[in-house]
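Take a look at the structure set out below.
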Amino acid sequence: MRESVPQIKTTSLGDRKVPGRQLLQALLLAGLAAAVACGSGEEAAGPGGGNARGGAGGRPGGGPPGGFGGGSAPVTAVPVEVVEILPGPISAFIETNGTLEAEREVDIVARTGGPLVALDTEEGVQVKAGDVLAQIDELEARAQVEIARVALQDAEMVYNRAKASLENAVVSQEVYDTARSALESAKAQLAGNEIQLGYTRITAPFDGLIIQRAVKFGETVTAGQQLFRISDFDPLLCVIGVPERALARLSVGQPAILEVEAFPEEQFRGRVLRISPVVDAATGTIRVTLEVNRQGRLSPGMFAGVRLVTDVRQDALIMPKRALSLESLADSVFVVEDGTAYRRNITLGYEEDDRVEVTSGLDRGDRVIVVGQDGLTDATPVQILVGPGAEERPVRTAGGASGMTEERRAAMRERMRARGMTDEAIEERLAAMAAGGGPPRGQGRPGAGGGPPGGRPAAGGTPGGGARAGAPAADSTAPTSPTPAPPAREPPAGATPAAAEPAPAPAPDPVAASRPPRSGPGSRAGPPGRRQGGEPGSFESLPAETQEAIRGRLRSMGLSEEQIEERVQRGWGPSPGDGESRPQAPTPEQLEALRERLRERGMTEEQIEEIIARRRRPQG
């Protein structure tokens with residue numbers, strides 16, 4: 001004997017009848033759009049050719065009163081990585097660049113000519129002031145010294161005779177003066193020749209490092225020719241140009257941080273040594289000289305990036321820049337609370353490297369998403385894979401991962417890789433879904449329909465037994481050939497067998513009966529001739545009991561009253577055929593502002609245009 005099919009409740013819209021089930025489905029589809037868009041977006045087919053929503057009774061197993069015939073809709077948790085907001089120091093700075101140079105660096109040149117007979121140093125040798133670096137042939141210079149010494153002795157003898165003769169009034173005063181002048185000249189000549197002899201020894205003028213040798217052994221040099229270059233590396237200087245608008249923030253002794261390409265992972269400390277009193281009219285900058293601690297590794301000529309620290313905040317709330325949502329014109333992040341991601345607008349302060357200060361919008365201890373936030377919407381369920389709270393269990397999904405097909409597993413892997421997850425994290429996520437997911441497909445949830453009696457039966461099902469998943473539904477066009485029924489459950493002891501008499505048809509539920517009919521195998525059709533489609537009307541046009549049932553269903557999903565009203569209005573708006581315009585795409589001004597923000601965050605032009613292309617699509 002064929003089971004009676006409950007009549008589907010309809011709502012009058014003008015001159016046509018619209019099934020109430022389609023109205024509820026439109027609302028629920030709008031309410032679950034965010035979760036479905038961020039998850040796999042698929043439901044595997046159940047036994048009997050139907051989908052996971054079941055056959056005549058809806059989803060396998062009974063649900064709570066006021067819900068679908070087979071329990072709540074599936075919710076897929078998006079895998080994410082989070083960090084905790086903690087206080088720490090952050091600096092404001094003026095960023096520029098400059099070239100390192102030594103305080104003392106000179107060329108050593110020859111003061112006299114001759115061949116080089118000795119080279120006592122090489123490039124890279126540390127020397128002290130007075131150390132001999134090279135020797136020029138001194139034979140000629142030494143001979144000149146000896147000639148001058150003999151001339152001095154003759155001048156002294158002439159002077160002594162003239163002095164004695166003057167005392168005895170033998171010679172005139174003029175002869176005496178001439179002899180004394182010759183003596184002084186001979187002394188000066190000897191001193192000059194000794195100096196020239198000393199020039200043949202090339203010595204270091206100060207302590208430093210020989211950075212260049214310009215001559216070879218045996219080479220004949222001339223006066224003024226460069227022989228060596230010596231530099232004193234301690235301290236090193238860095239001359240930078242600072243815009244004149246920053247003059248008020250400059251002071252002698254101000255700290256600076258330098259980075260060079262040779263040591264990319266290290267920072268070198270410096271301080272402001274002197275500030276030029278004038279502004280360069282050509283460039284509009286002020287010449288500032290920094291004194292740098294070379295730490296035994298920096299060298300003159302290195303190009304350095306300089307950060308001149310102007311302010312330091314010790315207890316600022318710090319978060320990574322990668323936590324910022326790139327699909328929002330305002331600065332916003334996603335915060336995880338109780339397994340759900342919520343969007344929050346924030347205000348930023350100082351920025352330093354990959355860190356940024358948050359001045360408002362977040363509190364200490366908040367968990368923000370740093371990987372996986374692209375494409376998220378407000379109130380999306382998430383699963384923390386890395387970061388504080390990673391030990392929390394995931395949101396249970398319909399069927400879990402144990403019953404996934406290989407095609408669906410591959411699709412989920414691709415989605416996770418697109419969100420920046422590593423292969424290890426992806427496999428860990430899939431293993432967690434397989435271990436902690438929901439019941440396999442085609443089975444009732446424990447405690448729901450298909451379990452112990454007491455739950456509300458699904459529409460068209462048996463009390464306490466739930467609907468038969470995937471069973472062929474009664475349809476006006478289906479053949480009437482008998483179909484073997486699945487084996488019945490064994491009734492509990494003391495209970496009256498349900499097969500002894502026909503089960504009474506349950507009263508239609510205002511919510512379950514308002515769902516639109518489903519086509520194909522595993523679905524239930526209405527009476528012959530009844531219209532199965534139709535566009536939904538306004539929410540206010542529904543009967544009061546239907547409106548309250550829908551709101552009760554949304555409350556059971558954990559939504560607040562404000563979220564319920566928002567989703568009601570969004571899900572019951574005008575259809576594309578109502579003649580009303582759809583939401584417009586962002587204006588060119590908004591898109592250009594978004595481009596500027598994305599460039600400031602270091603994104604490439606290809607990434608920017610990909611995001612702009614998504615923003616151009618109307619969100620209708």
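Residue numbers run from 1 in the order of the sequence given.
Taking both residues in full, the closest heavy atoms of L362 and M319 are given as CD1-SD, 4.1 Å, listed atom of the first, atom of the second, then distance. Nearest heavy-atom pair, P320 versus V370, reported as atom, atom and distance to 0.1 Å: CG-CG1, 4.1 Å. In plain terms, the two heavy atoms of Q126 and G208 that are nearest each other are NE2-O, 3.0 Å. A pairwise comparison of heavy atoms in I286 and S276 identifies CG2-O, 3.7 Å as the closest pair. When all heavy atoms of C238 and V292 are compared, the pair lying nearest together is CB-CG2, 4.2 Å. Contact record, R367 with P388: NH1-O, 3.2 Å, taken as the closest heavy-atom pair.
The backbone N or O of F263 sits nowhere less than 3.5 Å from a side-chain atom of E266 that would complete a donor-acceptor pair. A donor-acceptor distance shorter than 3.5 angstrom exists from the side chain of D366 to the backbone of D363, with no hydrogens or angles considered. Side-chain N or O atoms of Q267 include none that pairs as donor or acceptor with a backbone N or O of L258 at under 3.5 Å. Between the D207 side chain and the A129 main chain, a donor and an acceptor come within less than 3.5 Å of each other. The closest donor-acceptor contact from the side chain of T310 to the backbone of A92 lies under 3.5 Å.
The pair D354-K321 does not count as a salt bridge, with every side-chain nitrogen at least 4.0 angstrom from each carboxylate oxygen. Under a 4.0 Å N-O distance rule, the pair D234/R104 does not qualify as a salt bridge. With respect to the salt-bridge test (charged N to carboxylate O, under 4.0 angstrom), the residues R213 and E123 do not qualify. Using a 4.0 Å cut-off between charged nitrogen and carboxylate oxygen, R201 and E138 do not count as a salt-bridge pair. A salt bridge links R413 to E427: at least one charged side-chain nitrogen sits closer than 4.0 Å to a carboxylate oxygen. Here E84 does not pair with R364 in a salt bridge; the nearest charged N to carboxylate O distance is not below 4.0 Å.
Every ring-ring contact (aromatic ring centres under 6.0 Å, His included) that Y176 has, sequence neighbours left out, goes to Y159.
Rounding to the nearest 0.5 angstrom, the gap separating the CG atom in L317 from the OG1 atom in T359 is 9.0 Å.
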